[in-house]
Chemist: 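Sharing a structure here in structure tokens format.
Proteins get letters first, then strands, A, B, ... in listed order; numbering begins at 1 in each.
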Amino acid sequence: MNQKYRCALVIVNTLAIVLFANTPAAQSTDDLEKGLAIAIEAEKRDLGWLDSEVTLYMVLRNKQGKESTRSIRQSSLEIPEAGYGDRSLVVFDSPKDVEGTALLSHTKTLKPDDQWLFLPALKRVKRISSKNKSGPFVGSEFAYEDLLSQEIEKYSYKWLRDEELNGQRFFVVESTPQYKNSGYSKLVMWLDQIEYRVHKTDYYDRKNSLLKTLTHLGYNKYLDQYWRADQLRMVNHQTGKSTDLFFNDWAFQTGQQNAKFTPARLKRAR
Amino acid sequence: MRLASGYTQPVRIFYQILFSFIFFFLLLTRGSAAGNFPGDWGITGEIGVQVRSFPRDPNFEVQEHATISPSITMEVELLKEWNNGRDRFTFIPFGRWDAHDDQRSRLEIKELHWTHQEEDWSLLLGISKVFWGVTESRHLVDIINQTDSSADIDGEDKLGQPMINLTLEREWGSIDLFLLPYFRERIFPKQDARLKGLFSVRGDAAYSSSLKEWHPDWAMRYSHTFGEFDLGVSFFRGTSREPRPKEREANSKGKTVRAYYETISQFGIDLQWTRDSWLWKLEHSVTYGYRKTFWGLVAGFEHTFFQIFDTNADLGLLAEYLYDARTHNVFEAPPSADEHDIFGGVRISLNNPADSNLLAGIIMDARDGEVSALVEASHRLNQNWVFEVETRWLFATDTLSAFHDLRRDSFISARLVWYF
């Protein structure tokens with residue numbers, strides 16, 4: 001290392017010490033551990049659902065309040081292996097011009113996901129690039145990365161504080177995406193301290209300004225264990241647009257097989 | 001109006017009766033049930049109005065001189081599932097009414113089949129459509145369905161193919177077996193239509209097989225995903241979907257040829273490597289059964305820049321090289337226009353609620369001076385309406401070129417579709 005760089009390093013180090021001197025290092029490590037422990041507990045409580053089916057109704061609203069809608073069916077398969085995320089099959093019922101279009105995702109924790117698209121008019125199954133994590137899902141305020149499987153390893157965590165709102169106690173946890181091509185610098189989540197359910201998430205863009213807020217509404221318990229919200233509301237603070245996502249007819253442990261989630265089967269998806 | 005062209009007379013009459021029944025039935029039921037079809041039948045469809053405009057006068061005197069050419073299409077999809085979704089019946093009749101080309105005006109069964117799904121195998125019985133391949137500019141290995149050349153010259157419009165298709169799904173890949181008991185002739189534009197060459201194709205097709213259109217064709221395909229690679233290997237034995245022109249004739253009505261279909265074997269490979277925002281694509285085929293053995297190749301890539309200029313829009317760049325050992329020599333094999341062409345294209349998707357997108361592409365053959373340029377765009381107007389624009393421009397300097405007769409048939413088309 002040459003002299004010039006060494007000098008620069010010393011200056012940077014000094015600056016860092018001056019700037020962060022009043023953040024005790026020990027407490028910071030504790031906050032990271034506590035954040036991770038909360039995330040692990042939340043995931044532990046949601047294990048074992050095996051597979052699920054749900055219908056989604058999406059309402060997209062622009063700044064002027066003009067609405068458009070989408071009807072979607074989603075099937076998911078839980079994959080317990082480390083390094084792999086869940087598998088999901090999404091089929092469109094409306095708008096009618098894309099009816100029967102299906103998207104198959106094999107998610108992974110840190111490696112790029114595998115995704116295939118089925119175009120029913122052409123009867124064509126097309127492998128697509130999964131790099132577009134931060135892109136909008138069907139023109140909505142949800143990005144692909146908001147909807148795909150959320151695995152522990154995908155983020156690093158930090159407990160920020162406890163908060164009390166409307167008589168309920170919350171953990172406020174910051175998570176930072178560890179996978180490539182995320183559109184976010186960080187997420188700040190509010191989890192209730194009794195059931196470890198996420199009630200609200202603030203998304204910060206790559207420039208670290210507040211981009212979106214996601215609110216979970218109407219939690220219901222299924223199979224006496226799994227909490228699912230009836231409605232997700234995503235509001236984009238920078239564009240004034242919003243998307244509501246309504247979930248209906250949840251079904252769990254319906255005995256879906258791995259074979260249903262293969263590109264070969266996609267041509268029969270409907 | 002021709003009904004179900006590409007079938008023999010008895011089949012056509014059967015279709016006529018069947019179609020009349022079905023359209024009548026569907027219209028009645030639609031009206032009364034207002035979407036709630038009795039007995040869990042799913043019914044959807046689309047009605048489209050298209051206007052094609054040919055700015056230049058035709059190349060041949062017999063061709064239609066009108067610059068504006070309207071047409072209407074209707075497609076209905078009828079779906080019924082039972083046995084917990086394991087069994088499914090699909091029926092998709094389609095009709096087109098063209099003001100100037102009664103070969104384009106026809107009724108067609110795009111799909112009419114029953115599928116049965118088991119854990120690791122499935123069976124399809126009936127008329128259906130199958131697509132094989134990965135490239136964009138040409139579908140070299142895709143061979144199951146016949147092309148409707150009267151609908152468009154891009155070869156993307158297909159006719160329903162009667163088949164028995166057994167799919168076996170295994171850990172090591174998926175195997176598709178096809179038995180294709182009936183062959184459908186290619187549909188060509190009629191004598192006075194635009195987008196056709198000097199010769200018209202007569203109705204009296206000839207075959208190298210004595211079984212003619214009843215020659216039992218068969219095919220198989222193996223496909224699997226190996227990490228970043230998606231591979232398909234296919235084999236087809238049967239009647240070539242492409243005819244060779246034979247027995248040229250000239251009379252007062254113009255010049256005609258007979259379509260001659262040979263029995264061939266075709267081996268095909270399609271491969272895509274998906275890495276980051278790159279899709280690398282390859283299709284290769286070898287065909288035996290013509291005068292000589294011929295091979296073809298399409299290889300290229302698609303690279304996408306996501307969320308360009310901090311917007312939601314994606315920009316894709318496409319490039320492909322096309323090679324075909326076949327030439328214009330019709331005594332050896334069906335002629336091919338893709339001898340050594342280069343394709344370049346741009347795809348823009350706005351990723352907005354209206355799903356606006358545009359594809360612009362150009363295929364060039366430097367040696368023959370053949371150029372075909374295309375722009376396609378579509379935009380969703382609201383929940384049920386979509387607007388599409390397409391324009392294709394054809395240039396050719398070489399008089400032997402396949403495009404030379406089409407050089408005055410560049411067109412612009414606008415299409416409004418209502419989905420229900």
Chemist: Going by an N to O cut-off under 4.0 Å, is there a salt bridge joining Arg265(A) and Glu118(B)?
Modeler: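 No, no charged N to carboxylate O under 4.0 Å.
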Chemist: Heavy-atom cut-off 4.5 Å, strictly under: side chain, backbone, both or neither for Gln272(B) against chain A?
Modeler: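 Side chain only.
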Chemist: Near Phe247(A) CZ, under 6.0 Å, is it more than 12 heavy atoms from other residues, nucleotides or ligands?
Modeler: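 Enclosed: over 12 neighbouring heavy atoms sit under 6.0 Å from CZ of Phe247(A).
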Chemist: If I take atom CG from residue Asn62(A) and atom CG from residue Asn352(B), how far apart are they, to the nearest 0.5 angstrom?
Modeler: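 One finds 11.0 Å between CG of Asn62(A) and CG of Asn352(B).
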Chemist: Will you find, in the side chains of Arg268(A) and Ser122(B), an N or O donor that is under 3.5 Å from an N or O acceptor?
Modeler: yes
Chemist: Is it true that Asp176(B) and Lys267(A) have a side-chain N and a carboxylate O under 4.0 angstrom from each other?
Modeler: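 Yes, Asp176(B) and Lys267(A) are salt-bridged.
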Chemist: Salt bridge or not between Lys131(A) and Asp314(B)? Use side-chain N to carboxylate O under 4.0 Å.
Modeler: no
Chemist: Relative to chain A, which segment of Asp355(B) carries a heavy atom at a distance below 4.5 Å: side chain, backbone, both, or neither?
Modeler: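 The side chain, not the backbone.
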Chemist: Charged N to carboxylate O under 4.0 angstrom, Lys260(A) versus Glu169(B)?
Modeler: no
Chemist: Crowded around Phe226(B) CZ? As in, over 12 foreign heavy atoms under 6.0 Å?
Modeler: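 Buried by this count: over 12 neighbours within 6.0 Å.
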Chemist: Decide if atom NZ of Lys111(A) counts as having more than 12 heavy atoms of other residues, nucleotides or ligands within a radius under 6.0 Å.
Modeler: no
Chemist: Taking all heavy atoms of Leu122(A) and all of Phe131(B), pick out the closest pair and write down the distance.
Modeler: O-CB, 3.4 Å
Chemist: Are the side chain of Ser68(A) and the backbone N or O of Pro353(B) linked by a donor-acceptor pair below 3.5 Å?
Modeler: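 Checking the backbone N and O of Pro353(B) against the side chain of Ser68(A), no donor-acceptor pair under 3.5 Å is found.
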Chemist: Decide yes or no for Asn181(A) and Phe306(B): does some side-chain heavy atom of the first lie under 4.5 Å from some side-chain heavy atom of the second?
Modeler: no
Chemist: If you look at every heavy atom in Asp310(B) and Lys207(A), which pair is closest and at what distance?
Modeler: OD2-NZ, 3.8 Å
Chemist: Please look at Thr69(A) and chain B and tell me whether the side chain, the backbone, both or neither of the residue comes under 4.5 angstrom of a heavy atom of that chain.
Modeler: both
Chemist: Using a 6.0 Å cut-off, check whether atom CZ of Arg170(B) has over 12 heavy atoms from anything other than its own residue.
Modeler: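 Enclosed: over 12 neighbouring heavy atoms sit under 6.0 Å from CZ of Arg170(B).
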Chemist: Heavy-atom pairs under 4.5 Å with chain B: which of Arg70(A), Lys123(A), Lys66(A), Arg127(A) has the most?
Modeler: Arg127(A)
Chemist: Would you say the side-chain atoms of Gln307(B) and Ser134(A) include a donor-acceptor pair closer than 3.5 Å?
Modeler: yes
Chemist: When you look at CD of Glu119(B), are more than 12 heavy atoms from neighbouring residues, nucleotides or ligands closer to it than 6.0 Å?
Modeler: no
Chemist: If I measure from the heavy atoms of chain A, does His303(B) come under 4.5 Å with its side chain, its backbone, both, or neither?
Modeler: neither
Chemist: What part of Leu60(A) lies closer than 4.5 angstrom to a heavy atom of chain B: side chain, backbone, both or neither?
Modeler: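 When you check distances to chain B, only side chain atoms of Leu60(A) fall under 4.5 Å.
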Chemist: Could you walk me through whether Glu156(B) and Arg124(A) pass the salt bridge (Lys or Arg N to Asp or Glu O under 4.0 Å) check?
Modeler: CA-CA 12 Å; Glu156(B) 301 272 356; Arg124(A) 183 170 178 180; over 6 Å; no
Chemist: Kindly check if the number of other-residue, nucleotide or ligand heavy atoms within 6.0 Å of CG (Asn84(B)) is above 12?
Modeler: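 Not buried by this count: 12 neighbours or fewer within 6.0 Å.
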Chemist: Quick one: pull up CG in Asn351(B) and CG in Asn132(A) and give me the separation to the nearest 0.5 Å.
Modeler: 6.5 Å
Chemist: What option among Leu350(B), Asn312(B), Asp120(B), Val130(B) has the most heavy-atom pairs under 4.5 Å with chain A?
Modeler: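 Of Leu350(B), Asn312(B), Asp120(B), Val130(B), Asn312(B) has the most heavy-atom pairs under 4.5 Å with chain A.
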Chemist: Name the region of Pro263(A), side chain, backbone, both or neither, that has any atom closer than 4.5 Å to a heavy atom of chain B.
Modeler: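 For Pro263(A), the contact with chain B is made by the side chain alone.
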Chemist: Among the options His224(B), Glu228(B), Glu171(B), Lys129(B), pick out the one with the most heavy-atom pairs lying under 4.5 Å from chain A.
Modeler: Lys129(B)
Chemist: Does any backbone or side-chain atom of Arg380(B) lie under 4.5 Å from a heavy atom of chain A? Answer side chain, backbone, both or neither.
Modeler: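 Looking at Arg380(B), just its side chain touches chain A.
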Chemist: For Thr167(B), is it the side chain, the backbone, both or neither that has a heavy atom under 4.5 Å from a heavy atom of chain A?
Modeler: side chain
Chemist: Which atoms form the tightest heavy-atom contact between Ser277(B) and Ser129(A), and what is the distance?
Modeler: CA-OG, 3.5 Å
Chemist: Heavy-atom distances under 4.5 Å only: say whether Glu75(B) touches chain A with side chain, backbone, both or neither.
Modeler: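 Contact with chain A is absent: no heavy atom of Glu75(B) under 4.5 Å.
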Chemist: For chain B, which residues from residues 96-106 of chain A have at least one heavy atom closer than 4.5 Å to it?
Modeler: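 Heavy-atom contacts from residues 96-106 of chain A to chain B are Lys96(A), Asp97(A), Val98(A), Glu99(A).
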